[in-house]
Amino acid sequence: MKTMEGNNRKTVLITGASNGFGLEFAKLFAKDNYNLVLVARSADRLKELGYSLQDEYQLQNLCIVQSDLSRPESPQEIYDELKQKGIKVDVLVNNAGAGLHGFFHETELERELEIIQLNIASVVHLTKLFLQDMVARNEGKILNLASIVSFMPSPLMSVYAATKAFVLSFTEALQNELKDKNITVTALCPGASDTYFFKRADAENTRAANGPLSSPEEVARDGYNALMKGESRVVSGMMNKVQAGASNLLPDSALAATMRYQMEEKSDEDRKTPESKL
Ligand SMILES: NC(=O)c1ccc[n+]([C@@H]2O[C@H](COP(=O)([O-])OP(=O)(O)OC[C@H]3O[C@@H](n4cnc5c(N)ncnc54)[C@H](OP(=O)(O)O)[C@@H]3O)[C@@H](O)[C@H]2O)c1
């Protein structure tokens with residue numbers, strides 16, 4: 001694989017590019033002639049995606065980084081590898097993330113600590129490293145994956161929702177800190193979407209996972225547009241916008257009750273069609 005020295009296209013680093021939103025971001029950036037740095041644990045899937053985008057869009061440069069971002073060392077290793085290859089990151093997309101379904105007193109602590117490392121610590125660490133370089137150049141853009149659950153407590157996904165509340169708060173604080181610089185930080189807040197997320201979170205039987213789902217293409221497009229405009233936050237999808245708006249009006253206890261209903265397993269009663277309920 002070629003290094004990115006000596007070409008003047010911009011470079012985006014996308015974490016979690018092997019599936020879901022990350023894969024769609026990779027397509028959007030490739031289409032706009034960015035060099036790609038794709039990060040995830042599944043190197044084979046990243047290579048397959050990277051090579052097909054290289055063929056389709058005649059990418060100048062592609063860098064595949066296999067890394068597990070639930071390891072605390074991972075962000076520094078990624079940064080060092082790119083420095084060593086002479087790759088400057090113009091856009092950072094902190095997309096990789098995971099959740100876990102269940103009552104907190106029953107779920108596995110180890111998985112939750114990994115989720116906190118992945119969804120919070122790795123985002124903070126990567127942002128710290130790459131933002132300092134962006135500030136030195138007075139140029140750059142960052143997109144962080146928050147969620148509709150950033151706005152509300154989410155029983156049965158308590159740790160996940162709290163990590164996403166962190167991401168939204170962190171992003172909007174940075175956007176303010178950087179307002180006099182040519183650097184923007186954007187939070188993308190999707191609702192339930194058609195990716196591997198629910199399956200991986202052991203939440204595939206919940207009402208949320210079996211209700212209306214946004215398409216990953218649409219969500220990535222909303223995030224991409226907001227990032228390019230330098231907006232501090234975008235909620236993807238009309239119903240999600242309404243839900244985020246309602247979160248300002250309703251007490252947290254009511255929001256928690258609504259989210260609990262969504263996160264409970266779909267019952268036989270839910271599965272009945274309106275006709276069969278008669
Ligand atoms: N889908 C939804 O309903 C939804 C809604 C709101 C927000 N989000 C957020 O959107 C982001 C993307 O999720 P998605 O829905 O696209 O889920 P997904 O289909 O499960 O994709 C997750 C991506 O993250 C990568 N990843 C997971 N754990 C990783 C680790 N330890 N180290 C490195 N990479 C890792 C995965 O690649 P490997 O397995 O190859 O490592 C994959 O590429 C997440 O931050 C999620 O919280 C999702």
Side-chain angles (χ1 to χ4, degrees), residues 13-27 36-50 64-75 77-78 93-101 110-123 125-126 143-152 154 157 159-168 170-171 187-204 206-220 222-223 233-237 239-240 243-244 259 262-263:
L13 184 163
I14 305 168
T15 67
S18 60
N19 268 310
F21 303 147
L23 186 152
E24 299 302 328
F25 284 126
K27 292 183 191 165
L36 301 182
V37 179
L38 306 179
V39 180
R41 292 166 302 180
S42 328
D44 289 348
R45 280 192 60 81
L46 289 180
K47 283 183 192 154
E48 200 183 312
L49 168 70
I64 303 295
V65 182
Q66 179 178 30
S67 190
D68 180 350
L69 284 161
S70 65
R71 289 173 54 249
E73 307 76 23
S74 174
E77 288 169 2
I78 295 169
V93 180
N94 282 310
N95 164 74
L100 180 63
H101 181 260
E110 203 174 318
R111 276 183 77 184
E112 274 152 345
L113 294 178
E114 278 177 12
I115 286 169
I116 292 169
Q117 185 67 38
L118 173 66
N119 294 7
I120 295 182
S122 84
V123 172
H125 199 161
L126 284 170
L143 180 67
N144 291 332
L145 256 291
S147 167
I148 188 73
V149 301
S150 300
F151 300 98
M152 51 201 84
S154 187
M157 279 266 201
V159 171
Y160 173 72
T163 67
K164 293 300 177 182
F166 178 98
V167 172
L168 181 60
F170 176 59
T171 304
L188 168 59
C189 305
S193 303
D194 191 9
T195 67
Y196 288 114
F197 173 80
F198 284 106
K199 188 171 173 19
R200 288 181 165 194
D202 302 334
E204 57 189 327
T206 57
R207 291 193 180 94
N210 291 278
L213 298 174
S214 305
S215 85
E217 293 87 350
E218 242 174 76
V219 171
D222 285 346
R233 156 203 305 192
V234 60
V235 177
S236 180
M239 284 316 291
N240 297 319
Q243 219 184 334
M259 286 310 295
Q262 285 299 320
M263 284 301 155

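We're numbering straight along the sequence, starting at 1. Just so you know, ligand 1 is whichever comes first in the structure, and atom 1 is the first atom listed for that ligand. Quick caveat, the model's predicted, so the values are computed rather than measured.
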message: Minimum heavy-atom separation for T163 and N119, please, with both atom names.
response: OG1-ND2, 3.1 Å

message: Tell me if the CD atom of E73 is crowded by more than 12 foreign heavy atoms within 6.0 Å.
response: yes

query: Do E24 and K27 pass the salt bridge (charged side-chain N to carboxylate O under 4.0 Å, His left out) test, and can you show the C-alpha distance, the side-chain angles, and the key distance before you say yes or no?
result: CA-CA 5 Å; E24 299 302 328; K27 292 183 191 165; 3.4 Å; yes

Inter-residue atom distance L118.CG - L113.CG, 0.5 Å rounding: 12.5 Å

- prompt: Could you walk me through whether D68 and S70 pass the side-chain hydrogen bond (donor to acceptor under 3.5 Å, both in side chains) check?
  reply: CA-CA 5 Å; D68 180 350; S70 65; 2.7 Å; yes

message: Given a heavy-atom cut-off of 4.0 Å, could you list the residues near ligand 1 in chain and number order?
response: G16, A17, S18, N19, G20, F21, A40, R41, S42, S67, D68, L69, S70, N95, A96, G97, L118, L145, A146, S147, Y160, K164, P190, G191, A192, S193, T195, Y196, F197, F198, R200

field: Nearest-0.5 Å distance that lies between atom CG in N144 and atom SG in C189
entry: 10.0 Å

